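This is a predicted model, so every value here is computed, not measured. Throughout, a chain's letter reflects where its sequence line sits, starting with A, and its residues are numbered from 1.
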Amino acid sequence: MARLTLRFVALAYLGVLLVVPVGVVFYRTFEHGLGSVYDSITTPAAKGAFWLTVEVAAIAVPLNAVFGVLAAIALVRGRFPGKRLFDALLDLPFAVSPVVVGLALLLVWGVDGWFGGLGLQVIFSLPGIVLATIFVSLPFVAREVAPVLREIGDEQEQAAATLGANGWQTFRRVTLPAIRWGLVYGVVLATARAIGEFGAVSVVSGKISGETETLTLLVEKRFQNFDLAGAYAASALLAVIALATLIAMTVLNKRREDTT
Amino acid sequence: MIKVNSVTKRFNGFVALDDVSIDVPDGSLTALLGPSGSGKSTLLRVIAGLERPDAGSVEVGGEEATHLPAQKRDVGFVFQHYAAFKHMTVRDNVAFGLAIRKRPKDQIRRKVDELLELVGLAGFHSRYPAQLSGGQRQRMALARALAIEPRVLLLDEPFGALDANVRADLRAWLRRLHDEVHVTTVLVTHDQEEAMEVASNLVVLRDGRVEQAGAPRDIYEHPSNDFVMGFIGPVSSLDGRLVRPHDLVLRDEPGEGAEEAMVERVVHLGFEVRVELVRSGGEHVVAQLTRTEADELELREGSIVWLRPPVSGAPRTPDRPPAAPLS
């Protein structure tokens with residue numbers, strides 16, 4: 001009985017807080033038929049926002065994946081001064097509010113900022129959005145890969161070394177296959193975070209429709225302009241991408257359990 | 001031929017190896033024997049190039065190797081916990097070193113088949129390590145190490161994670177394998193029985209130092225000090241002197257040089273019988289007899305026997321403070 005109650009409470013909690021709001025978005029989106037939804041997600045602004053979001057994720061996530069794997073190896077295998085500080089810094093993006101990240105980028109790259117004199121167009125353009133996205137999605141890969149590396153230990157790598165493999169060969173043939181599911185899982189999480197980022201991006205993007213407006217910004221703009229149907233449609237599009245990554249993650253997670 | 005000259009290795013102030021020198025003759029099977037923390041595994045890892053010594057030098061196959069990284073030493077290394085490549089089949093595991101060396105595919109295939117045959121894993125080539133038993137995994141690891149035709153084969157407690165009966169089988173098997181392939185082999189173990197059974201050469205280590213090196217029988221019969229004596233086989237203490245329990249003679253009547261003792265416990269160990277005795281002074285002594293001897297004496301708890309210490313084996317002067325006798 002107690003277990004049933006617990007289960008009911010847990011499900012109700014999830015339902016009220018997660019499922020209902022997301023469900024309502026879909027309900028409102030399709031309330032007036034598919035035609036209007038199709039129209040509002042195929043406007044030039046919506047298309048531009050969609051592709052910009054994809055482009056930013058496509059740049060930020062691979063960079064973070066490479067960095068994340070290197071960081072995880074350094075954290076687990078390396079011995080260097082300042083390792084604990086590095087470990088703590090890696091979690092900074094979890095701790096700092098995205099709006100603060102956006103403002104910080106503005107201070108560094110803005111016209112009056114430290115690097116403002118370099119004449120690089122970072123703020124209010126793609127590089128700024130990418131920088132903000134990299135910042136907020138930085139720790140995911142490292143945090144997923146590090147425990148896997150720790151668990152597999154370094155004996156396989158040592159065995160590879162005694163068999164004649166150099167550092168790169170050992171990484172390619174032994175380490176990478178061993179951490180691949182952790183890596184994939186981290187990439188999926190980082191992607192979800194990159195696509196959904198709002199706060200930091202909203203500060204640095206300038207929100208130029210069709211140019212520097214990501215999907216989340218589009219949702220916000222339509223909502224502010226009382227275009228509720230349009231906002232719902234764009235939200236639904238975001239939710240679909242997010243759900244797709246979530247499903248991918250679940251499937252991959254299952255495969256990870258099956259292979260270990 | 002492996003030569004280790006005056007190697008010292010410290011870990012954060014802990015001295016794992018203290019001025020250690022050993023010679024491993026070509027084609028021999030040498031066991032590094034010692035209690036845990038004696039530095040035997042560290043010594044093996046220094047030979048393999050997995051640890052860098054703080055001082056001293058290492059020669060492998062007549063070649064100076066102190067600063068050679070592990071990947072260039074041509075050593076086969078077998079780990080206690082197998083270090084199998086979990087995502088590779090048995091075939092790919094064994095082929096790893098040859099694939100790294102970019103050998104032709106058909107040559108690799110032939111070599112792997114040959115090795116799997118040798119270690120008794122023919123027909124297992126498409127399995128994954130997770131589908132093998134511990135003993136099979138370790139034999140796969142051996143085949144993988146042998147595939148590169150190493151100049152020396154280094155085994156770090158290779159049977160330490162296996163069940164007792166599998167261990168015994170694999171020991172005998174390793175001995176036969178060594179007779180077949182003749183590769184210079186160094187085995188690390190804390191099990192003196194394993195070392196005595198497998199090795200043609202022993203190096204006994206304690207606290208990062210070599211206590212004694214030589215043929216197993218020489219070390220057993222002429223241990224250089226009480227620690228080696230106690231580590232290499234069972235001992236009993238008699239008036240502060242260490243003796244082998246099977247060197248003690250028990251009689252059911254008084255005799256020259258014999259003293260009275262009371263049987264406290266009789267333990268049957270299959271062919272042998274261990275007799276725990278109390279001497280008149282209250283000192284405890286353990287003697288080991290064959291079953292026939294024990295039956296003739298009709299030993300049971302509380303019976304009185306006459307105990308005679310061995311005539312041979314004059315008391316040794318330990319060159320280091322005597323260690324607590326192992327029982």
Side-chain angles (χ1 to χ4, degrees), chain A residues 65 69 72-84 141 144-187 251-260, chain B residues 11-12 41 44-45 47-51 60 68-89 92-103 128-131 137-138 140-157 161:
Chain A
V69 170
I73 291 174
L75 276 180
V76 177
R77 301 275 191 264
R79 262 176 281 169
F80 57 92
K83 186 165 138 175
R84 295 182 70 148
V141 170
E144 285 300 320
V145 170
V148 181
L149 267 179
R150 205 165 285 133
E151 194 194 310
I152 59 172
D154 56 2
E155 276 203 346
Q156 291 185 50
E157 291 162 13
Q158 291 177 357
T162 62
L163 292 166
N166 62 30
W168 171 247
Q169 287 167 323
T170 302
F171 176 76
R172 258 294 288 118
R173 289 165 180 260
V174 175
T175 314
L176 191 59
I179 62 171
R180 65 192 187 282
W181 295 123
L183 174 60
V184 168
Y185 195 72
V187 163
V251 171
L252 291 171
N253 217 11
K254 193 176 174 317
R255 280 187 68 181
R256 177 162 68 166
E257 276 161 22
D258 290 347
T259 50
T260 49
Chain B
F11 293 110
N12 299 325
S41 282
L44 195 76
R45 293 171 63 82
I47 296 171
L50 294 172
E51 301 287 355
V60 177
L68 220 53
Q71 76 202 62
K72 298 214 170 113
R73 289 199 190 190
D74 272 335
V75 297
F77 200 100
V78 172
F79 296 80
Q80 180 176 2
H81 298 288
Y82 329 122
F85 301 138
K86 290 191 182 129
H87 60 283
M88 292 183 203
T89 60
D92 291 342
N93 263 278
V94 177
F96 187 87
L98 298 172
I100 290 289
R101 284 166 176 71
K102 306 235 174 355
R103 296 282 162 77
Y128 284 88
Q131 299 166 307
R137 268 181 238 180
Q138 199 55 300
M140 179 193 84
L142 256 165
R144 183 176 69 178
L146 287 171
I148 60 170
E149 291 174 8
R151 286 191 285 194
V152 295
L153 183 61
L154 307 174
L155 313 171
D156 189 4
E157 303 248 10

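- Atom CG of Leu163(A) is separated from atom CZ of Arg101(B) by 7.0 Å, given to the nearest 0.5 angstrom.
- Distance CD/Glu51(B) to CD/Gln158(A): 7.5 Å, rounded to 0.5 Å.
- Looking at every heavy atom in both residues, Arg173(A) comes nearest to Met88(B) through O-CE, 3.4 Å.
- Dense packing is recorded around NZ of Lys83(A), with more than 12 heavy atoms of other residues, nucleotides or ligands lying under 6.0 Å away.
- Only the side chain of Phe96(B) comes within less than 4.5 Å of a heavy atom of chain A; its backbone N, CA, C and O stay farther away.
- The number of heavy atoms from other shown groups lying within 6.0 Å of CD (Glu151(A)) does not exceed 12.
- The number of heavy-atom neighbours closer than 6.0 Å to CZ of Arg172(A), taken from other residues, nucleotides and ligands shown, is 12 or below.
- Between chain A and the options Val75(B), Ile100(B), Val78(B), the largest number of non-hydrogen pairs under 4.5 Å is found for Ile100(B).
- Between chain A and the residues Ala130(B), Gly76(B), Ala84(B), the most heavy-atom pairs under 4.5 angstrom are made by Ala84(B).
- Counting only heavy atoms from C-beta outward, the side chains of Lys86(B) and Gln156(A) approach each other to under 4.5 Å.
- The OG1 atom of Thr162(A) lies 7.0 Å from the CZ atom of Arg144(B); values are rounded to the nearest 0.5 Å.
- Taking the side chain as every heavy atom from C-beta outward, Gln71(B) and Gln169(A) never approach each other to under 4.5 Å.
- If you take CD on Glu155(A) and CG on Leu50(B), they are separated by 9.5 Å, rounding to the nearest 0.5 Å.
- In this structure, chain A has no heavy atom under 4.5 Å from any part of Ala141(B).
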